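These numbers were taken from a predicted model, which means no experiment stands behind them.
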Amino acid sequence: MDIDIDDILAELDRDTTAVASSSGQHFPSSGPIDANSSLQHDATQTTMQNSYATDHQKHRDIIKPEEDYRRLVNHWRNERCAPELLPFPSLLMTRMLRRIQEQMEHIENISMGFLEQEVIDEEEEEDHNLSRKEMKNNALNNGKLPLLCMEAELERVKFVIRSFLRCRLHKIDKYSLYLRQIGNDGVGFVSLDTLMSKQELQYHERHSIILLKLFNNTILKHMPPELQAINDTEGSVSMIEEPNWKKFIFIYVNGPEDGNLGGDPLLELGEDGKHFYTVTIPEFDEVVELTIGSIYVMRYDIIKNLLEDNKVMLI
């Protein structure tokens, strides 16, 4: 059964007229309605409908799959190169996992032959001389290559997501006491709810409990009470392992995400016409210019704020 959008709009128009009539509202009439006013009303309504459809299409096309995949790769690269645990991109991961599930269902439908009938119907319209068996064989052969390409692309995306999550779990294990201190004492400017996903928070809590029980049952209970603390930071060496903020990393200066160089207040324009950011090395009291499109080797603590604002990415 074919559904025409004009029929739906006409039905909605009739329903709206019926509601307006039953509400008892009366509008003044300046005289009989002529054909010109009716045509103007129809043109105005059509313009409003086209405007709504355009706005709805723009809203759906705000974030495309290609853009999400590019962001995923950037998050994956930054996570692997950064010494600390970066904030979890919740909305991005939700969209990517939903698209993966939809693509898996689509591939399964193709592999089980649910979409063969559509291909056969298209071939029947093009050529009536082919037999039913030949059409089915053509449909199977034509669907193999796209199916292999879709499966390869899907596995590539799943590999990036698995590597991204494994890297984050490794940092959660390594900096378990540090993250626990952030959650208990409020150390730092980022809360654990922003830093980790719901599943990662559960993993972190369970891992911390198991680790503390292991330390207590094997070592700590046999030591004097004053030596049983595992979060002592008063000595010459801190017992809490923190990320190496002084680590040297490679960065690529990509500028603002939207590409609007004039709308970024941190950007400065050099004499050569190139835009750059400025960072300060406190030990030498030296100001360094980071030109957009260039690659630098810097300490992580110097460019940390630029990384949080997505002005630079790690490579």
Side-chain angles (χ1 to χ4, degrees), residues 1-5 8 53-82 85-173 196-204 254 257 310 313-315:
M1 178 180 179
D2 296 330
I3 301 177
D4 192 358
I5 188 62
I8 298 176
T54 303
D55 294 341
H56 183 65
Q57 184 66 24
K58 288 181 180 179
H59 178 71
R60 293 185 58 184
D61 295 339
I62 288 177
I63 303 178
K64 297 182 179 180
E66 297 83 0
E67 181 67 19
D68 272 348
Y69 180 73
R70 184 189 64 81
R71 293 180 181 179
L72 175 63
V73 172
N74 288 340
H75 281 286
W76 171 53
R77 188 185 294 114
N78 292 340
E79 194 69 54
R80 288 176 59 89
C81 298
L85 184 67
L86 299 177
F88 184 78
S90 301
L91 297 178
L92 174 63
M93 292 300 296
T94 300
R95 293 194 300 268
M96 293 301 299
L97 294 178
R98 175 179 56 82
R99 291 193 179 106
I100 287 177
Q101 183 63 31
E102 293 175 353
Q103 188 72 350
M104 290 175 61
E105 294 176 356
H106 182 65
I107 291 176
E108 185 177 358
N109 292 334
I110 295 178
S111 61
M112 297 183 67
F114 293 154
L115 303 181
E116 290 179 8
Q117 186 62 37
E118 299 180 3
V119 178
I120 293 176
D121 293 340
E122 292 178 358
E123 291 187 353
E124 286 181 347
E125 296 178 358
E126 296 176 358
D127 194 348
H128 298 281
N129 298 325
L130 295 176
S131 64
R132 190 73 178 179
K133 184 176 181 180
E134 292 176 345
M135 292 180 182
K136 187 174 183 179
N137 292 333
N138 291 339
L140 291 174
N141 295 330
N142 294 335
K144 285 182 180 179
L145 182 58
L147 183 62
L148 293 176
C149 294
M150 286 187 288
E151 290 178 347
E153 183 69 16
L154 182 62
E155 290 300 322
R156 185 160 67 102
V157 177
K158 290 166 64 176
F159 166 79
V160 175
I161 293 179
R162 282 195 296 262
S163 177
F164 174 69
L165 295 178
R166 285 174 179 172
C167 181
R168 292 182 58 84
L169 291 178
H170 170 71
K171 291 182 180 180
I172 293 175
D173 293 343
M196 292 184 282
S197 64
K198 181 179 179 181
Q199 293 78 8
E200 290 175 342
L201 280 172
Q202 295 176 355
Y203 172 81
H204 168 61
N254 54 343
E257 275 192 307
N310 295 323
M313 62 181 180
L314 309 186
I315 58 177

Distance check, rounded to the nearest 0.5 Å: [X] atom [atom1] versus [Y] atom [atom2]?
X	Y	atom1	atom2	answer
Asn310	Asn78	CG	CG	8.0 Å
His170	Leu85	NE2	CG	11.0 Å
Leu165	Tyr203	CG	OH	12.0 Å
Glu151	Leu147	CD	CG	4.0 Å
Met196	Ile172	CE	CD1	5.5 Å
Cys149	Leu154	SG	CG	12.5 Å

Any side-chain heavy atom of [X] sitting closer than 4.5 Å to one from [Y]?
X	Y	answer
Ile110	Met150	yes
Asp173	His204	no
Leu314	Arg80	no
Leu86	His75	no
Thr94	Arg98	no

ask   = Would you say the side-chain atoms of Lys171 pair up with the backbone N or O of Ala82, donor to acceptor, closer than 3.5 Å?
value = yes
ask   = Does Phe159 offer a backbone N or O that forms a donor-acceptor pair with the side chain of Ser163 under 3.5 Å?
value = no
request  = Using only heavy-atom distances, determine whether the side chains of Asn74 and Arg77 contain a donor-acceptor pair under 3.5 Å.
outcome  = yes
request  = Taking only Lys NZ, Arg NE, NH1 and NH2, and the carboxylate oxygens of Asp or Glu, determine whether Glu102 and Arg99 approach each other closer than 4.0 Å.
outcome  = no
query = Any Lys/Arg nitrogen of Arg71 or Glu67 sitting under 4.0 Å from an Asp/Glu carboxylate oxygen of the other?
reply = yes
request  = Please identify each residue that fulfils side chain to side chain donor-acceptor pair (under 3.5 Å) with Arg166, with sequence neighbours left out.
outcome  = none
inquiry  = Applying side chain to side chain donor-acceptor pair (under 3.5 Å), can you list everything that pairs with Arg156, at least two apart in sequence or on another chain?
reply    = Tyr69, Glu153
key: side-chain contact (heavy atoms from CB on, under 4.5 Å) involving Gln202 - partner list, sequence neighbours excluded   = Lys198
